Protein chains: 2
Amino acid sequence: MHDPRGEQHIGRLLWDVSQSVGRAFDEHLRAVGGSRPIWLILLTLKTKPSANQRELAAAVGIQGATLTHHLAAMEADGLLTRRRDPSNRRIHQMKLTPEGEQAFLRVKDAAVRFNAKLNEGLSEEQLEQFQVTLAQLRANAWRDDAEPRA
Amino acid sequence: MHDPRGEQHIGRLLWDVSQSVGRAFDEHLRAVGGSRPIWLILLTLKTKPSANQRELAAAVGIQGATLTHHLAAMEADGLLTRRRDPSNRRIHQMKLTPEGEQAFLRVKDAAVRFNAKLNEGLSEEQLEQFQVTLAQLRANAWRDDAEPRA
DNA sequence: CACTAATCGTTAGATCTCAAACAATTATTC
DNA sequence: GAATAATTGTTTGAGATCTAACGATTAGTG
């Protein structure tokens, strides 16, 4: 359990592995002209076509400002359009272009393949246990210091 | 195992949790004037005082260019000095200032407390299993597509 | 209806990160 | 010793992310 970088804390290991896996995923998607955030945005637009930007950002797990930048780039690249909702002009309605639809299919294929590779050799029980531990870590990280564990 | 963002893939969950934990850690360190990269750099300088920048970057897990930026900022903030090694003028020797030493102690205290909180309620066996799964995920992510699993 | 509060998305500035190209220095080869 | 190769750290440009402040629009209140 020791690695060349010295003693590992679980937080450090979690960070390192997720960065590593994330980088591999990004490279995988880059091969088909995508990226991690683009994938998540395309996927969310396909599953929640009427989501406004605030909802989209929440679903993707990023802040609104970040989403604005990604959407601006995707719109400039011709993947989607943004129009003001006629019933509430504060709200943007996003729509994939035919080019965006094509991009979704390409990136989805790559994401599915990556996910299959990522899961190889992992049993259902192992994954379930892993997710339980992840949930515990997330809860622990944000627990108030003065708060006793329930 | 379902969350409001729809079906979770293990890669997505790993990313989300590590980002969340990392953000909590960062906030924790920010309270004492540090940050995650600053902590890792200070820690590595304390454990490997004679490391050159290339070695330091590898130990911290970032690229040389990124380290250069961090070191420049830390030097500007008076936490450390960089001098050319007289025996090989390509190499920088880094040295913590008294202020840097103080910063290390403050940040270390915060990091240790965060780590303790993160580990609460997790058994040794659970952590061991978790680390096994992390290692598998990392290996899977970078496995060549054409490569059969050994 | 006028005013205030809330919502939505954007802008500006900052942090962290990477890859590629580069200059300076040292090591290796002939 | 001269030329080439390798090493070290830096610069440049770009991607992704966040916070705070902002302008435009809608909702709520009296």
Side-chain angles (χ1 to χ4, degrees), chain A residues 12 15-16 18-31 33-42 50-77 80-94, chain B residues 12 15-16 18-31 33-42 50-77 80-94:
Chain A
R12 174 77 192 276
W15 179 265
D16 285 351
S18 79
Q19 290 291 112
S20 181
V21 170
R23 238 171 259 128
F25 186 47
D26 230 44
E27 280 193 24
H28 209 83
L29 297 187
R30 196 118 21 223
S35 72
R36 201 186 147 274
I38 287 174
W39 159 240
L40 292 177
I41 291 166
L42 289 173
S50 57
N52 65 19
Q53 281 186 221
R54 186 177 48 76
E55 286 162 349
L56 184 55
V60 171
I62 57 179
Q63 298 299 305
T66 309
L67 181 69
T68 295
H69 284 291
H70 286 306
L71 289 180
M74 289 168 81
E75 190 169 18
D77 289 344
L80 58 83
T81 57
R82 283 183 291 179
R83 296 289 179 269
R84 290 290 173 182
D85 183 337
S87 61
N88 183 339
R89 298 190 52 74
R90 293 176 298 185
I91 286 177
H92 269 145
Q93 294 183 324
M94 273 70 62
Chain B
R12 175 79 190 275
W15 177 265
D16 286 349
S18 78
Q19 289 291 112
S20 181
V21 170
R23 236 168 260 128
F25 187 47
D26 230 46
E27 279 192 25
H28 210 80
L29 297 187
R30 195 113 28 218
S35 71
R36 203 185 146 276
I38 287 174
W39 159 240
L40 292 176
I41 290 167
L42 289 172
S50 57
N52 63 21
Q53 279 183 224
R54 185 177 49 75
E55 287 162 349
L56 183 56
V60 170
I62 57 178
Q63 299 298 305
T66 309
L67 181 70
T68 295
H69 283 291
H70 286 305
L71 289 180
M74 289 168 82
E75 189 169 19
D77 290 343
L80 56 84
T81 56
R82 283 184 291 179
R83 295 290 181 269
R84 290 289 174 182
D85 183 336
S87 61
N88 183 340
R89 297 189 53 73
R90 294 176 298 184
I91 285 177
H92 269 147
Q93 292 183 325
M94 272 70 61

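A note on names: the letters A, B, ... follow the listed sequences, proteins ahead of strands, and every chain is numbered from 1. This structure is a prediction, so every number in the text was calculated from the model and none was measured.
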Next item on the list: Begin from the C-alpha positions of A:Gln19 and B:Trp15 and carry the test side-chain contact (heavy atoms from CB on, under 4.5 Å) through to its verdict.
Entry: CA-CA 8 Å; A:Gln19 290 291 112; B:Trp15 177 265; 3.9 Å; yes
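Residues meeting the salt bridge (charged side-chain N to carboxylate O under 4.0 Å, His left out) test with B:Arg84, sequence neighbours left out: none. Partners of B:Arg23 according to the side chain to side chain donor-acceptor pair (under 3.5 Å) rule, which considers only residues two or more places apart in sequence or in another chain, do not exist here. Residues that satisfy the salt bridge (charged side-chain N to carboxylate O under 4.0 Å, His left out) test with A:Asp85, not counting sequence neighbours, are absent from this structure. Here B:Asp77 pairs with nothing under the side chain to side chain donor-acceptor pair (under 3.5 Å) rule; sequence neighbours left out. Checked against side-chain contact (heavy atoms from CB on, under 4.5 Å), B:Ile38 has the following partners two or more places apart in sequence or in another chain: B:Ser35, B:Leu42, B:Met74. Under the salt bridge (charged side-chain N to carboxylate O under 4.0 Å, His left out) criterion, A:Arg89 pairs with no residue, sequence neighbours left out. Applying the side chain to side chain donor-acceptor pair (under 3.5 Å) rule to A:Thr68 yields no partners; only residues at least two apart in sequence or on another chain are considered. Remark: A:Glu75 engages A:Arg82 in a side chain to side chain donor-acceptor pair (under 3.5 Å) (not counting sequence neighbours).
At whole-Å resolution of the value, CG in A:Asp26 and P in D:dA14 are 18 Å apart. The separation between B:Leu29 atom CG and D:dC18 atom C1' is 16 Å, rounded to whole Å. Note: CD (A:Gln63) to C1' (D:dA21) measures 15 Å, nearest angstrom. As a whole-Å value, the separation of B:Glu75 CD from D:dT10 P is 9 Å. As a whole-Å value, the separation of B:Gln53 CD from D:dT7 C1' is 13 Å.
Closest-nucleotide positions on DNA chain D for A:Arg30 and B:Glu55 were compared, and the one nearer the 5' end corresponds to B:Glu55.
Across residues 82-94 of chain B, B:Asn88, B:Arg89, B:Arg90 each have a non-hydrogen atom less than 4.0 Å from an atom of DNA chain C (numbered order). Within residues 65-74 of chain A, the residues approached by DNA chain D to less than 4.0 Å at the level of any non-hydrogen atom are A:Ala65, A:Thr66, A:His70, in residue-number order.
Phosphate contact (OP1/OP2 of D:dT17, side-chain N/O of B:Gln19, threshold under 4.0 Å): absent. The side chain of A:Ser35 contributes an N or O atom lying less than 4.0 Å from OP1 or OP2 of D:dA16.
Applying the salt bridge (Lys or Arg N to Asp or Glu O under 4.0 Å) definition to pairs two or more places apart or across chains, none involves residues 50-65 of chain B.
Contact footprint of chain A on DNA chain C: nucleotides with an atom under 4.0 Å from a non-hydrogen protein atom, first to last in 5' to 3' order, C:dA6 to C:dC18.
The line from OG1 of B:Thr81 to NE2 of B:His92 is 10.0 Å long, rounded to the nearest 0.5 Å.
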